[in-house]
Structures are given as C-alpha cells and as structure tokens.
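The block underneath contains the structure these notes are about, expressed in structure tokens.
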Amino acid sequence: MTSVVVVGSINLDVVTVCDRFPQPGETITGVSVSFGQGGKGANQARSAARAGARTVFVGAVGDDDAAETVLGSLTAAGVDVSPVRRVPGSTGFANVTVDGTGENHIIVVPAANAEVELDDAARAAITAADVLLLQLEIPLPVVTEAARTARASGTTVLLNPSPVQPIPDELVELLDAVIVNRDEAAALAEAIATVPQVITTLGGAGARATSPEGTVESPGFEVRVVDTTGAGDAFAGALAANWNRPPAERILRANAAGALTATAPGAAAAPSGADVDAFLAEQGLAR
Ligand code: RIB
C-alpha cells in the first residue's frame with residue numbers, strides 16, 4: 001500500500017447551487033445550499049485515502065465548531081489527521097457557487113490555513129511516506145519546507161500549483177512532478193519546464209503525463225456532470241495513491257476518480273478504488 005502525506009488546506013465549504021451565476025450587482029434565487037468538508041489539501045487527502053493509500057493530513061484548523069465538522073469528515077474517510085494544528089480563531093472557509101452546468105465560482109477565506117506549520121510529527125510523517133502531495137492554499141514557505149524535508153528522505157514530491165501563483169525556483173527544484181490543469185500549464189509553462197514530470201488534466205478530454213521517458217495519455221470519460229468542484233483534487237489524490245503503478249495506469253485511475261467526482265455534488269465526493277475498478281470495467285478499460 002502506498003503511503004501519502006498531504007500538507008495543505010482544509011475548509012468548511014458552503015455550497016450554493018443556482019441555475020446560472022449572477023451578474024455583478026444582481027440578486028438571483030438559488031436552488032439549494034449545503035455544508036461540507038473542502039480545501040484543496042483535505043480534498044486530495046480524502047481522495048488518496050479513498051483510493052487505498054495510507055494517508056496522513058498536515059494542516060491547521062481553528063477553535064470553532066467548523067473544525068470538528070471538517071476533521072470528523074476527513075477522519076471518517078480514513079485519513080490520519082493527528083498532525084493537524086489547532087489555532088485560535090476560525091477554520092478556513094470557502095464560498096462555492098455551482099451553476100446548472102456543474103461549473104463553479106469559489107471564494108476562499110484562508111483563516112487557520114495561513115497558520116500551517118511543520119512540527120516534529122509532521123516532519124516524521126513526511127519522512128516516512130512514499131509520496132508528499134502539495135498545493136498552494138497554505139503559505140509558500142511551508143510548502144517549500146515540506147518539499148525540502150521530503151527530498152532529504154527520498155519521499156516523492158508532487159505539487160498541484162493551485163490556486164495558480166508564481167512558484168519560487170527553490171521549490172521547483174525540489175519537485176518530482178507537477179499536476180496542472182490547462183490554465184495552470186499555460187500560466188506556469190516557463191516555471192515548470194525543468195520539472196521531471198508534468199501531468200496535465202484536460203477536462204473532458206482526459207489527461208496526459210509527459211516525462212523524459214515519453215508521453216502517456218488517458219482518454220476523456222463521458223459522464224453526467226453535476227458539480228466539478230473537487231474533481232481536480234480527486235485526480236491529484238488518486239494519482240498520489242497510485243504512484244507505485246505504471247504511469248499509464250495511474251493516470252487512467254486518477255482520471256476516472258476525477259470524472260466520477262464530477263458526477264456527485266460537493267468537493268468531498270472522491271470515489272473509492274473499488275468504485276474506480278467498477279467504472280473502468282464499465283468503460284471496457286479494466287486493468
Ligand atoms: O478545489 C476545490 C476546493 O477549493 C474547495 O473545496 C474549496 O474549499 C477550495 O479550497
């Protein structure tokens with residue numbers, strides 16, 4: 001079993017579903033509202049655990065009721081949250097609006113996520129893991145420190161540079177692979193040119209992994225899209241969990257996990273490894 005550590009954000013997502021997004025200054029009537037665990041880091045940790053990896057999450061929550069809600073949800077998914085810091089104040093929060101096509105708009109308030117730090121327990125977890133999975137919703141110096149700790153112990157370092165922002169050279173040099181969507185790939189083309197492996201998600205058109213050994217691709221899947229929130233996170237988490245498989249297989253499984261996540265509401269809809277097996281069998285792509 002692959003062991004994965006995710007160092008990243010955890011949020012309470014408030015998800016409002018509406019037929020269409022409002023224009024600036026416009027008030028519209030929504031269809032529904034719900035609360036759920038979110039945050040790119042926590043979503044990716046959930047996906048890795050659901051995909052079958054032994055998974056540890058390192059992050060920070062506040063001292064409010066939301067902290068118990070989001071940590072309880074992640075624990076129930078099989079993620080070890082013991083290294084999570086508890087700080088005075090609010091847990092991270094995201095206002096997610098989803099329209100009738102499944103597209104979203106997201107506003108994140110970092111709150112406790114701005115106070116993630118690595119203590120001895122976090123460093124030990126990174127050192128012991130096969131794979132470290134990072135995003136950019138926590139302070140960059142902590143992301144870089146986690147990557148440096150991983151590199152020193154031979155742990156594979158994967159970065160999903162989302163939300164997209166400039167990446168310092170020091171961090172780029174520590175990466176084994178980046179996981180980007182088309183917009184991130186375009187925005188960071190120059191910055192990530194030296195990263196050994198680039199995995200690009202192509203929305204409905206599938207995914208591609210490029211490395212010095214060549215390019216492997218996964219086909220797009222036709223699914224009924226309900227909510228794309230967290231689909232990219234599910235892809236990244238499943239990819240990390242399947243990192244010990246051959247490249248074509250791990251991309252295929254990650255792509256299936258992302259597609260299945262988009263068929264259900266909320267960011268915390270990552271499928272299990274068995275769900276992915278069944279889906280791939282239906283598609284005639286069982287491995
Ligand atoms: O990637 C989706 C996530 O982005 C949401 O869960 C939200 O919390 C934001 O972090």
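Start at 1 and go down the list; that is how both ligands and their atoms are numbered.
- Salt-bridge check for R50 with D275: passed, with a basic side-chain N closer than 4.0 Å to an acidic carboxylate O.
- There is a side-chain donor-acceptor pair under 3.5 Å between Q44 and N160.
- Between R20 and E26, at least one side-chain nitrogen of the basic residue sits less than 4.0 Å from a carboxylate oxygen of the acidic one, meeting the salt-bridge criterion.
- Remark: E190 pairs with no residue by the salt bridge (Lys or Arg N to Asp or Glu O under 4.0 Å) rule, at least two apart or across chains.
- Of the N and O atoms on the side chains of Q37 and N43, at least one donor lies less than 3.5 Å from an acceptor on the other residue.
- Residues R253 and D277 are paired through a salt bridge, judged by an N-O separation under 4.0 Å between the basic side chain and the carboxylate.
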Every pair of nitrogen or oxygen atoms between ligand 1 and the protein that is under 3.5 angstrom apart - can you list them with their distances to 0.1 Å?
{"residue": "ligand 1", "atom": "1 (O)", "partner": "K40", "partner atom": "NZ", "Å": "2.8"}
{"residue": "ligand 1", "atom": "1 (O)", "partner": "D233", "partner atom": "OD2", "Å": "2.7"}
{"residue": "ligand 1", "atom": "4 (O)", "partner": "K40", "partner atom": "NZ", "Å": "3.1"}
{"residue": "ligand 1", "atom": "6 (O)", "partner": "D13", "partner atom": "OD2", "Å": "2.6"}
{"residue": "ligand 1", "atom": "6 (O)", "partner": "G39", "partner atom": "N", "Å": "3.1"}
{"residue": "ligand 1", "atom": "6 (O)", "partner": "N43", "partner atom": "ND2", "Å": "3.0"}
{"residue": "ligand 1", "atom": "8 (O)", "partner": "N11", "partner atom": "ND2", "Å": "2.9"}
{"residue": "ligand 1", "atom": "8 (O)", "partner": "D13", "partner atom": "OD1", "Å": "2.6"}
{"residue": "ligand 1", "atom": "8 (O)", "partner": "G39", "partner atom": "N", "Å": "2.9"}
{"residue": "ligand 1", "atom": "10 (O)", "partner": "N11", "partner atom": "ND2", "Å": "3.2"}
{"residue": "ligand 1", "atom": "10 (O)", "partner": "K40", "partner atom": "N", "Å": "3.4"}
{"residue": "ligand 1", "atom": "10 (O)", "partner": "E137", "partner atom": "OE1", "Å": "3.0"}
{"residue": "ligand 1", "atom": "10 (O)", "partner": "E137", "partner atom": "OE2", "Å": "2.8"}

